[in-house]
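Heads up, the thing below is written out as structure tokens.
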Amino acid sequence: MAKEVPETTASASTEVPEGTTNTEESSTKPTDADTVATIKAYLDAKGILYQTNDTKLDLLALVV
């Protein structure tokens with residue numbers, strides 16, 4: 001997973017956290033049932049910027 005830098009956006013990563021699917025190959029949008037890591041991976045794959053300290057609800061609000 002990409003190393004997070006405080007107060008900046010995480011960079012896109014080709015690594016997929018264990019127990020998750022590769023969101024680049026999936027068009028399924030994450031929901032509140034997904035983990036923060038899964039949501040961040042989805043946002044990274046879509047090139048959507050977020051703050052490293054964003055909450056799960058903050059991240060889900062960015063899902064398009």
Side-chain angles (χ1 to χ4, degrees):
M1 188 178 300
K3 181 177 178 182
E4 294 181 353
V5 178
E7 300 303 319
T8 61
T9 57
S11 61
S13 173
T14 56
E15 295 179 27
V16 178
E18 186 177 323
T20 62
T21 58
N22 187 341
T23 54
E24 289 182 345
E25 295 176 3
S26 174
S27 61
T28 304
K29 294 179 183 178
T31 67
D32 59 348
D34 290 300
T35 64
V36 169
T38 300
I39 299 166
K40 285 182 176 183
Y42 175 88
L43 295 173
D44 287 343
K46 298 292 183 181
I48 299 170
L49 304 177
Y50 57 88
Q51 296 295 314
T52 57
N53 60 343
D54 281 349
T55 65
K56 184 184 241 186
L57 291 176
D58 293 332
L59 296 170
L60 286 171
L62 297 173
V63 172
V64 291

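Source: prediction; values computed, not measured.
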- Where do Tyr50 and Asp44 land on the side chain to side chain contact (heavy atoms under 4.5 Å, CB included) test, with the steps shown first? CA-CA 9 Å; Tyr50 57 88; Asp44 287 343; 3.0 Å; yes

- With rounding to the nearest 0.5 Å, note down the distance linking CG in Asp32 to CG in Asp34. 8.5 Å

- Message: Give me the atom names and distance for the closest heavy-atom approach of Pro30 to Ile39.
- Response: CB-CG1, 3.8 Å

- Query: For Val36, which residues count as a side-chain contact (heavy atoms from CB on, under 4.5 Å) partner, sequence neighbours excluded?
  - Reply: Lys40, Lys56, Leu59

- Note on the structure: dist Leu62:CG -> Lys46:NZ (nearest 0.5 Å) comes out at 14.0 Å

- Message: According to side chain to side chain donor-acceptor pair (under 3.5 Å), who are the partners of Thr55, at least two apart in sequence or on a separate chain?
- Response: Asp58

- Message: In this structure, would Leu43 and Leu57 fall into the same cluster of hydrophobic residues linked by side-chain contacts under 4.5 Å?
- Response: no

